[in-house]
There are 2 protein chains.
Amino acid sequence: MEIETATVAAPHKGRPREFCVDMALAAALRVFWSKGYEGASMADLTEAMGITKPSLYAAFGNKEALFNKALDLYEREKADYMRAALDAPTARGVAERLMYGALDMYTCPENPNGCLGVITSVACGAEAECIRQAVLERGATAKRAMLERFARAKEEGDFPPDTDAEGLAAFLTAVNQGMSVQAGAGATRAELERLVETSLKLWPGR
Amino acid sequence: MEIETATVAAPHKGRPREFCVDMALAAALRVFWSKGYEGASMADLTEAMGITKPSLYAAFGNKEALFNKALDLYEREKADYMRAALDAPTARGVAERLMYGALDMYTCPENPNGCLGVITSVACGAEAECIRQAVLERGATAKRAMLERFARAKEEGDFPPDTDAEGLAAFLTAVNQGMSVQAGAGATRAELERLVETSLKLWPGR
DNA sequence: ACACTTATATACCAGCCGTTATGGAAATCG
DNA sequence: CGATTTCCATAACGGCTGGTATATAAGTGT
């Protein structure tokens, strides 16, 4: 259990490590984010993290454990706009925050393009099936939260009464996933902005 | 240049090959379709195709050439619903045919789930960059055709005059890509049907 | 100064990757 | 028939994969 959060200050005996775990993990995340789980080789990771393989294995366990910790970091730092979006007062506000948040994240110049979840869950070999399952589970959790939010929105009158809240959740998820795919395919921010604006123009209710 | 299309009938001298090129290619397509370009190993391919590696190399060149031929087959047989969709008389008809066509294709029990283009273009290692570019080019061509169709639809009054046809093309593309991602993630056909119906309910114009 | 503990660096492991050389089998041509 | 051409099967190639054993360096507490 690591207590320290910054660069140094080892509390116990033994040779202190020469790198910052958090920074190394952030570097690993960027590699996974741009190349996917299987596309990221240990050589890619160690080079980006600035450490050697034994150091990586000592600090993180193995590739799979490293990915899971990187995924935790991703959700914590990068994708918490999702949670924030659900706090919007209206369903339209939720959709706005979700889409513009995704837009910012997918097109931020210092980030890889696209969504880590989409990149990882699509097209992975048999060996990475458990990784894929873990990612899908998190996506399902996020979608469930969105669904509950839209069910509430329907009760509050944000939608016409005959609206399919589940369909709308799937719809919003799909547009975000498509935005991720197009960002990965090289779409410009301006193009994705038009996609978001078009989608919001079609969004039902006030 | 192979002339024969069926099982046998070698026109020239030498030992005739013992497998059907078209069937082998179809099998290879299914492997690429379910595992992606890099996720499909030569062992996977040869096993599914029922041939050995030297036979594969003699008949198709190498892995990249095999993929390109499989991609040709995919576009020719599976994804020509796109071309057909653009022939619909109205923009709404285009959207309907496109979405239901994608729905049928992504959920057909005898096909892998999802879109080969999405699977291949997302998250590939550096070595497959040219493959990715080839796939993206075809996607860009398809999107360009859709864009032209919607520009015409706007002139014909299918949309309100202030409509962003380019945004709508990106929108429709995004919903289809999202549908592919969700199909690959294990969504049921019923779920995707609701996604399509919801999207069409939001689609502008008559 | 010493033993002890931990991190780093080098080198290595078996296994899979895409690809190909080699040797024999099966067909047509003369 | 023999000669030729093409295909199939085995096995191997160098290179890369994720993962590790070994040896050395750099700190700790006493």
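Keep in mind it's a predicted model, so treat the numbers as computed, not measured. Side chains are part of it too, since the values below use all heavy atoms of this structure and drop only hydrogens, waters and symmetry mates.
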Asker: Tell me: CE of B:M42 to P of D:dC16, nearest whole Å?
Answerer: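 For the pair B:M42 CE and D:dC16 P, the rounded distance is 18 Å.
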Asker: Among C:dG18, C:dA27, C:dT5, which is the nearest nucleotide to the side chain of A:K13?
Answerer: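 Nearest to the side-chain atoms of A:K13, counting from C-beta on, is C:dT5.
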Asker: Could you pick out which residue, A:P54 or A:A58, lies toward the 5' side of DNA chain C when each is mapped onto its nearest nucleotide?
Answerer: A:A58
Asker: Would the base of C:dG18 count as contacting B:K63 through its side chain, where contact means a donor and an acceptor less than 3.5 Å apart?
Answerer: no
Asker: Checking only heavy atoms, does the side chain of B:K53 share a donor-acceptor pair with the base of C:dT19 at less than 3.5 Å?
Answerer: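 Flag set: donor-acceptor pair detected.
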Asker: Can you check the A:L66 CG to D:dG19 P distance for me, whole Å?
Answerer: 10 Å
Asker: Roughly how many Å is it from CD1 in A:I51 to C1' in D:dT20, rounded to a whole number?
Answerer: 15 Å
Asker: May I ask you to establish whether A:K63 and A:F32 are in a cation-pi arrangement, using a distance under 6.0 Å from NZ or CZ to the six-membered ring centre and at most 45° from the ring axis?
Answerer: no
Asker: Taking only the side-chain heavy atoms of B:N62 (C-beta and beyond), determine which of D:dA9, C:dT19, D:dT20 contains the nearest atom.
Answerer: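 Looking only at heavy atoms from C-beta outward on B:N62, the closest nucleotide is C:dT19.
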Asker: Tell me whether the OP1 or OP2 atom of C:dT8 has a side-chain N or O from A:S55 closer than 4.0 Å.
Answerer: yes
Asker: Atom OH of B:Y57 to atom P of C:dT22: distance rounded to whole Å?
Answerer: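 In whole Å, C:dT22 P and B:Y57 OH are 18 Å from each other.
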Asker: Check the distance between D:dC7's P and B:F60's CZ and give it to me in whole angstrom.
Answerer: 12 Å
Asker: Less than 6.0 angstrom separating the ring centers of B:Y106 and B:W33, yes or no?
Answerer: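 No.
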Asker: In this structure, how many angstroms lie between the P atom of C:dC17 and the OH atom of B:Y37, rounded?
Answerer: 14 Å
Asker: In whole angstrom, what separates A:F19's CZ from D:dA26's C1'?
Answerer: 15 Å
Asker: So do the side chains of A:D80 and A:Y74 get within less than 4.5 Å of each other, counting heavy atoms only?
Answerer: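 A:D80 vs A:Y74: side chains apart.
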Asker: State, to 0.1 Å, how close A:M99 and A:S199 come at their nearest heavy-atom pair, and which atoms those are.
Answerer: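 Between these two residues, the closest heavy atoms are CE-CB, 3.6 Å.
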Asker: Which whole-number value in Å describes the distance from B:D44 CG to C:dG18 C1'?
Answerer: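 From B:D44 CG to C:dG18 C1': 13 Å.
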Asker: Does a side-chain N or O from A:T52 land closer than 4.0 Å to OP1 or OP2 of C:dT8, or not?
Answerer: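 For C:dT8, neither OP1 nor OP2 has a side-chain N or O of A:T52 closer than 4.0 Å.
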Asker: Hey, which of these two, B:G50 or A:R15, hits DNA chain D nearer its 5' end, going by closest nucleotide?
Answerer: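 Residue closer to the 5' terminus by nearest nucleotide: B:G50.
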Asker: Look at B:D104 together with B:R189 and state whether they make a salt bridge at an N to O cut-off of under 4.0 Å.
Answerer: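 Judged by the 4.0 Å cut-off on N to carboxylate O distance, B:D104 and B:R189 do form a salt bridge.
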